Structure formats: C-alpha cells, structure tokens
**Q** 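Provided herewith is a single structure, encoded as structure tokens, for subsequent inquiry.
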Amino acid sequence: MILVMKNGATQENIDSTAKQIKDWGHDVSISKGEYQTVIGIIGDKQNLAGKPLQALAGVDKVLEVSVPYKKASRDFHPEDSIVDINGVKIGGGHKSIIAGPCSVDSYENLILIANAVKKAGATMLRGGAFKPRTSPYSFQGKGEEGLKMLAEARKETGLPIVTELMSEKDIDLVYQYTDVIQIGARNMQNFALLKEIGKLGKPVILKNGIASTVKEHLMSVEYVMSGGLNDVIICLRGTRSYETAMRNTLDVNLVPYIQKLTHLPVIVDPSHSAGKREFVNSLTYAGMAVGADGAIVEVHPCPSCALSDGDQALLPEDFDYLMEKIDKLEPWNQKDWNKKLANMQNSKLGNK
Ligand code: PEP
Ligand code: MN
C-alpha cells in the first residue's frame, strides 16, 4: 500500500504519519518528489484492515500496490533512484560504464586494462575472482588473490570495483574488498544469498537469470531490497531463447520497460549477450541509445590469453572507439516521450 501525501503536506505531517504506521507494526519507505511525497507501507496489508489511513495527517490518497515487488516498484518510489558508489553516480540521468576483464588473471593485465578503460572514460572496474563456469575443470577464478589485485588496481586508478559473489561462504571475503557486489545469472534465484547481501549495505548489481522473466528478476531484486538495501542496479545480460545464433539474446525492449516499472538504474551487459567481440560495441550502443543507465563490458589486452570469455573480450582500442561513440550519442529519453505522448493524446481527445 502507498500513501500519497497532499501537495502541501508538511514535514511534521510526514513524520507523524510515518510514525503511526510504524507503531502499527509496519516499516515505511519515504520517497520525496518535487511536488509530492509518497509513503510506502511494507508488510502484510491485512494487519492494517480497519485502520484510518485516509485520516492520517497530510494524506491525500491511499492506494494499493498491485505488483509483488513493492520496494522495487515505481509506485513506492516515483523518483529515479541514484546509486552512489564512492562518488560515482548511476541512475536518474547519471550514466556509468563499467569495464574490465571477465576474470582477473594477472596484475599486469589487470592494471593495463584498468588504466586503459579509465583513460577512455569508464567509471568502474569489473573483474571476476570467483567464476561460475559450466565445467568444473575450467578456470574457477583466483579467489582472494584476485580480490587483492582488484583492490590494488582501485588504489592505483581510483576506479571503484565490481566483482561477483557466488556463495554465501565467501560473503565476508568479497565484502572486505569490493565496492559493488555482482550477482550473476546463475545465482539470480539463490534466495538465501540474496537475503544475506541485502543486509550488508553494499551496492549490488543483480543480473537476470539465463531464462528468467522480468517478474522473476524483479522479485529477486525485491529479495535483496527486503534486507534493507536500496542500492540495487538491475543488469540485463541477455536470456537464452529459441535463437542460438549468439550466446544470448539481449532484450533492449526491456530497458524502458523495467525503467517504467521500477525506480532503480538499469544497465546492459552486451558482452554476455553477444558472446562475440565483433557485436559487443553495437549492442552496447543500442542499449545506451534506448536509455540504459549504463553498461558493463569485458575488456582484455590479449583475448586469446584470457582465462575466461576471451571470445567476447574487447581490445582496449575497441573500447576507446565505443566510448567515443557513446559520448556523442543522444540517448532516448522515455520520460520526455511519455509526457509528449500524454499531451498528444489529451489534445486529440480534446482533454485539457
Ligand atoms: C560475468 O560477468 O563474467 C558472468 C559470469 O556473467 P553472467 O552471470 O551474466 O554469466
Ligand atoms: Mn564473463
């Protein structure tokens, strides 16, 4: 349920209403917009049956939130959320490009990549130390040694780091080193893990599962948020469909769609969608053009030596080219378009 406050509701109204809801045993999420404040009520609405919500100070409307992903939903929080990672902002018009190797192999490679992507305009460095591989005999990641290299690269470049957490047993270790916790496709529905990371207070990038629906993805986001974390970045890394031409299918339709449903930043991962270097730049460009809040891409100076995902690794010079193109791109602004559409419809229907 949400309480939409009156235009002129005072801070005192907001505080007293929020306090009353808490006294009735519910948590609240307060979202202040330019003109209106929305108080989201978290928990089972049955407990509020018969309570005089409409009569609380400053309340204009009491509305039901019909979607099951409450904290993630735009009804609860009409304004875009901006996730701030050590000063790097993403969401609400702030775009961020995260780049780096699929897996950390050597410090020489990592620092070379980190410096190169920073110079080209990347705002964060990615790199896996725990790798989810299809075969147990493939390289599994360098573990803590890899995390230490990432931390060194952060010290050297100032870029915040993003790395994948695969298991509950590694939470403390990964937490110590990383700035953003990545949850990959294979763990999108590892609910025990999602609940735990929601309590840590560190920003999370949550990718979709290999064949998940939007609703399933958003319910996983809700698991993380239910632990108290608001800093969740939704990542589209493509899904497996009937089409086997590429590694996965990046559904760019979903960028504006998910942005409409939620207030959280939405980024694309064209590397794991394309699976091939030659298509990564065009897909990244498409994702940014449609209005994504950012992208995460894999870069390696020697793709044939990379210990995972070499086929889809961009060379540093490919990444330079991508960044030049993105820099000149004027991304689609769905919100402006929605306003224009509404005006056009109103005038066509003769509405004021
Ligand atoms: C990765 O980012 O290297 C990775 C394994 O991603 P995904 O979970 O999307 O497959
Ligand atoms: Mn990878």
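The figures that follow rest on heavy atoms only: side chains count, while hydrogens, waters and symmetry mates do not. In each ligand, atom 1 is the first atom listed, and ligand 1 is the first ligand listed. Numbers here simply count residues along the sequence, with the first being 1. Predicted model, so just to flag it, every value in this text is computed and none were measured.
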**Q** Supply the atom-to-atom distance Lys71 NZ to Ser81 OG, rounded to the nearest 0.5 angstrom.
**A**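 Output value for this atom pair is 11.5 Å.
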**Q** Under 4.0 Å between a Lys/Arg side-chain N and an Asp/Glu carboxylate O for Lys207 and Asp269?
**A**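 Counted as a salt bridge, because a side-chain N and a carboxylate O are separated by less than 4.0 Å.
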**Q** Return the name of the atom in Asp309, of element N, O or S, nearest to the Mn ion (ligand 2).
**A**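 Considering only N, O and S atoms, Asp309 comes nearest to the Mn ion (ligand 2) through OD2.
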**Q** In degrees, rounded to 10 degrees, what angle do Cys102 atom SG and Glu298 atom OE2 make at the Mn ion (ligand 2)?
**A**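 The angle at the Mn ion (ligand 2) comes to 100°, rounded to the nearest 10°.
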**Q** Determine, using the 4.5 Å side-chain heavy-atom cutoff (strictly less than), whether Ile90 and Leu264 are members of one ILVMFWY cluster.
**A**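 No, because Ile90 and Leu264 fall into different hydrophobic clusters, even though each may have its own neighbours under 4.5 Å.
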**Q** With carbon and hydrogen excluded and only N/O/S kept, which atom of His272 is nearest the Mn ion (ligand 2)?
**A**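 The atom in question is NE2.
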**Q** May I ask you to check whether over 12 heavy atoms, not counting those of Asn115, lie within 6.0 Å of atom CG?
**A**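 Atom CG in Asn115 is packed in, count exceeds 12.
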**Q** Can you pull the residues with any heavy atom under 4.0 Å from ligand 1?
**A**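 Lining ligand 1 at under 4.0 Å, by heavy atoms, one finds Cys102, Arg126, Lys131, Pro132, Glu164, Gln182, Gly184, Ala185, Arg186, Lys207, Arg237, His272, Glu298.
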**Q** Pick from Ile98, Val232, Ile181: which one makes a side-chain contact (heavy atoms from CB on, under 4.5 Å) with Ile205?
**A**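 The residue from Ile98, Val232, Ile181 that satisfies side-chain contact (heavy atoms from CB on, under 4.5 Å) with Ile205 turns out to be Ile98.
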**Q** Using a 6.0 Å distance limit plus a 45 degree cone around the ring axis, check whether Lys202 lies over the aromatic ring of Tyr175.
**A**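 Here Lys202 passes the 6.0 Å and 45° test against Tyr175.
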**Q** Evaluate whether atom CD of Glu12 has more than 12 neighbouring non-hydrogen atoms of other residues, nucleotides or ligands under 6.0 angstrom away.
**A**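 For Glu12, atom CD is not crowded (no more than 12 foreign heavy atoms under 6.0 Å).
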